[in-house]
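The structure appears below as structure tokens.
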Amino acid sequence: MNAIAYVHEQLTGKKEFPKFKAGDNITVNYKIIEGNKERIQSFKGDVIKKQGNGATASFTVRKISDGIGVERVFPFYSPNVDSIVLNKAGNVRRAKLFYQRKRSGKSARIREKRQAVETTE
Amino acid sequence: MKGIIGKKVGMTSIFDPSGKQTACTIIEAGPCVVTQVKTTESDGYNALSLSFGDKKEKHSTKSETNHFAKAQTSPKKFTKEFRDFSLEKNIGETITVDIFDEGDNVEVVGTTKGKGFQGVVKRHGFHGVGGQSHGQHDRSRAPGSIGNSSDASRVMKGMRMGGRMGSDRVKLKGLTVLKIFADKNYILVSGSVPGHNGSIVLIQK
């Protein structure tokens, strides 16, 4: 095993997150510290980017808050990322959705991926 | 002073419990063998000669082989002298990453990446000519004037010009030892370290 992977494995605990990719709508629950109290805040939006690998991997979530686009970058292995909930799988053709920054309103919608449903006959 | 020879492996980042991400460099340091002990009586100064990295016997000269045989070890690739070593070591003993503790403030010495022949903008931080107006068109990264006219009739010594850049010995001070993996001989220091991956670095305290 190479050294970087070894160090990463030794220092970061395994985290179980649902598999998601660019275009998916997720809710990230992350810890914030107010004074000396810790609480969990959530950030819900579309994933526009996943980047990097190993300990340095991160993803960016974009949402429209009061008409203003807000983006937040979360490192995958940050101890402050508590959990991730996958709300909707999106149907997109790119891995990086930076074109979303120029869009607003109806054109900024992401189609939901249609899942195959098992029929019982 | 105490120190060890190591090989830069690469960079990664680690998180502390509060979630702060710190960039760090992994260095595979040691084990180094003490191959010579110099003393004031015999050599005029105190120093320890450390050797690191195995080398095949067929690639080493007879004098190397015999020099390392005195320390009962195989021929090594790199040997470096550390003046006034603070630990008492005898010839043939090994030095590992254990000489450092987590949280130590260390210096790292390395050779920076070679950049080849570079112009003054990259090499000395000149700002270039700037705009394209006033008749300029193909000299935006030129150095400009390098001196006076007939009174001097020469370029002053030390005038900064283009030339070979990089491959310099650089010492970085004030790096912190973040983590030590004694079983793998890895040592994690904060921030970046001079040189490419696989290059030899010295860690000193």
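Each chain gets a letter, A, B and so on, in the order the sequences are listed, and its residues count up from 1.
The stretch residues 3-24 of chain B places B:V9, B:G10, B:M11, B:T12, B:S13, B:I14, B:F15, B:D16, B:P17, B:S18, B:G19, B:Q21 near chain A, each with some heavy atom under 4.5 Å from a heavy atom of that chain.
Pairs of residues two or more places apart, or lying in two chains, never qualify as side chain to side chain donor-acceptor pair (under 3.5 Å) while including a residue from residues 158-177 of chain B.
Among residues two or more places apart in sequence or in another chain, the side-chain hydrogen bond (donor to acceptor under 3.5 Å, both in side chains) test is passed with B:E81 by B:K38, B:Y45. The side-chain hydrogen bond (donor to acceptor under 3.5 Å, both in side chains) check on A:S58 picks up A:Q51, with sequence neighbours excluded.
Crowding of B:K113 atom NZ: a count of heavy atoms from other residues, nucleotides or ligands under 6.0 Å not exceeding 12. Environment of NZ in B:K80: sparse, with no more than 12 heavy atoms of neighbouring residues, nucleotides or ligands closer than 6.0 Å. For CZ of A:R39, the number of neighbouring non-hydrogen atoms (other residues, nucleotides, ligands) closer than 6.0 Å is greater than 12.
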